[in-house]
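For reference, the structure is listed below as structure tokens.
Atoms considered below: every heavy atom in the structure, side chains included; atoms not considered: hydrogens, waters and symmetry mates. A note on names: the letters A, B, ... follow the listed sequences, proteins ahead of strands, and every chain is numbered from 1.
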Amino acid sequence: MPELPEVETTRRGIARHLTGRRIREVRVHDGRLRWPVDPGMAATVTGQRLLAVQRRAKYLLLRLERGTIILHLGMSGSLRVLPQATRRLAHDHLELVLDSGQMLRLNDPRRFGSCLYTKADPAEHALLRKLAPEPLGPDFDAAYLHAAARRRRVAVKQLLLNGQLVTGVGNIYASEALFRARIRPQRRAGRLSLGDCQRLVRAVRAVLALAIRAGGTTLRDYVGADGNPGQFRQKLYVYERAGRPCRVCRTPIRKLTQAQRSSYYCPSCQS
DNA sequence: ATGGGCACCTGGCTGC
DNA sequence: TGCAGCCAGGTGCCCA
């Protein structure tokens, strides 16, 4: 599901309700996520104050007094802030009950999401340690991308999905960024010029920023902390638009499969 | 080191 | 109406 814009939208939505609150209770209704929720986590976390809600790539970090809860929404996860007695629905996995009377609830039908706890610096956690720079931060620039892509034979689309090289970009925004950069998804990463990388970096940053402003993209499951879907779907240029006219040149959009995932592009606008 | 493929899940849609 | 098959915002892991 959620790519960076959806995770960031979630972060903003939950942060104002969580920051400064104390966790009264942790209810694990179904700990079967990508990794089983540690049965000891509830006791460790209960009573701690939430200091901040941060994001690293597509991970949400709930910073507590003595550690950090690391959340990932997988393909279908969402977080909502609700009154603590709100009736439970299918696929609600866990709830953090706050001293405000509200709770943070994780729902995830496909269970690819995760909820982990670490006492150490989360940046050093095995899942986060090797992640590429933040795409909206200063270290993600044309020189970086050009160096990362050098001598790589994979298609640029797959490069964008490799979290060790580029973070935050998932299947939707990879196609959208390549369209904006006028680069075909099949192009070998190693064949990108510095100028291509410049356009691609700008396109990635632009599409992520615009999607955040729209509250993300909802295809099916995703809702923000307030329960509302994202509005960026209407602004997509190529994703899920196979056969329909390019919004720039009217040429029919094409779809192809790369690494068992769909890519979309305009054969006229992109080379 | 790099790249390819699979695995983990549920649910919604399509077509027979 | 039922059911098989395919597809979906991610990513860790195993293998060549």
I need the [atom1]-[atom2] distance between [X] and [N], as an integer number of Å.
X	N	atom1	atom2	result
A:Asn107	B:dG11	CG	C1'	13 Å
A:Gln260	C:dG10	CD	P	14 Å
A:Arg111	B:dA7	CZ	P	17 Å
A:Asn162	B:dG4	CG	C1'	13 Å
A:Arg220	C:dC7	CZ	C1'	7 Å
A:Leu219	B:dT10	CG	C1'	16 Å
A:Gln258	C:dA8	CD	P	13 Å
A:Arg34	B:dT10	CZ	P	15 Å

Please work out if [X] contacts a base, only the sugar-phosphate, or nothing of the nucleic acid, heavy-atom cut-off 4.0 Å.
X	result
A:Phe232	nothing
A:Arg153	sugar-phosphate
A:Gln158	sugar-phosphate
A:Leu161	nothing

Does [X] put a side-chain nitrogen or oxygen below 4.0 Å from OP1 or OP2 of [N]?
X	N	answer
A:Ser262	C:dA8	yes
A:His72	C:dG12	no
A:Arg261	C:dG10	yes

For [N] and [M], measure between their [atom1] atoms and round to the nearest Å.
N	M	atom1	value
B:dA1	C:dT11	P	22 Å
B:dC6	C:dC6	P	14 Å
B:dC9	C:dC3	P	24 Å

Practice item. Assess the side chains of A:Ser76 and A:Asp108: does a donor N or O sit below 3.5 Å from an acceptor N or O? Key: yes

Point to revise | Residue pair A:Thr217 / A:Tyr173, side-chain donor-acceptor N/O under 3.5 Å | key: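 Side-chain D/A pair, A:Thr217 to A:Tyr173: present.
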
Practice item. Report yes or no: is there a donor-acceptor pair, N or O only, under 3.5 Å between the side chain of A:Arg110 and the base of C:dA8? Key: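 Counting by modelled atom types and ignoring angles, a donor-acceptor contact under 3.5 Å is found here.
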
Pairwise side-chain contact, [X] with [Y], heavy-atom cut-off 4.5 Å (strictly under):
X	Y	value
A:Arg24	A:Gln84	no
A:Arg241	A:Arg247	yes
A:Leu64	A:Ile69	yes

Point to revise | For DNA chain B, stems built from three or more consecutive Watson-Crick or G-U wobble pairs below 3.5 Å | key: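 If one scans DNA chain B for consecutive Watson-Crick or G-U pairs, the stems found are B:2-8 with C:10-16, B:10-16 with C:2-8.
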
**Study point:** A:Gln270 (side chain) donor-acceptor with A:Tyr265 (main chain) under 3.5 angstrom
**Key:** no

**Study point:** Salt bridge present between A:Glu240 and A:Lys255 (N-O < 4.0 angstrom)
**Key:**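 Salt bridge between A:Glu240 and A:Lys255, a charged N being under 4.0 Å from a carboxylate O: no.
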
Review point. Within a radius of less than 6.0 Å around CZ of A:Arg191, do more than 12 heavy atoms belonging to other residues, nucleotides or ligands occur?
Key: no

**Study point:** Aromatic ring of A:Phe112 stacked on base six-ring of B:dC9, 5.5 Å, 30°
**Key:**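 Stacking between A:Phe112 and B:dC9: absent.
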
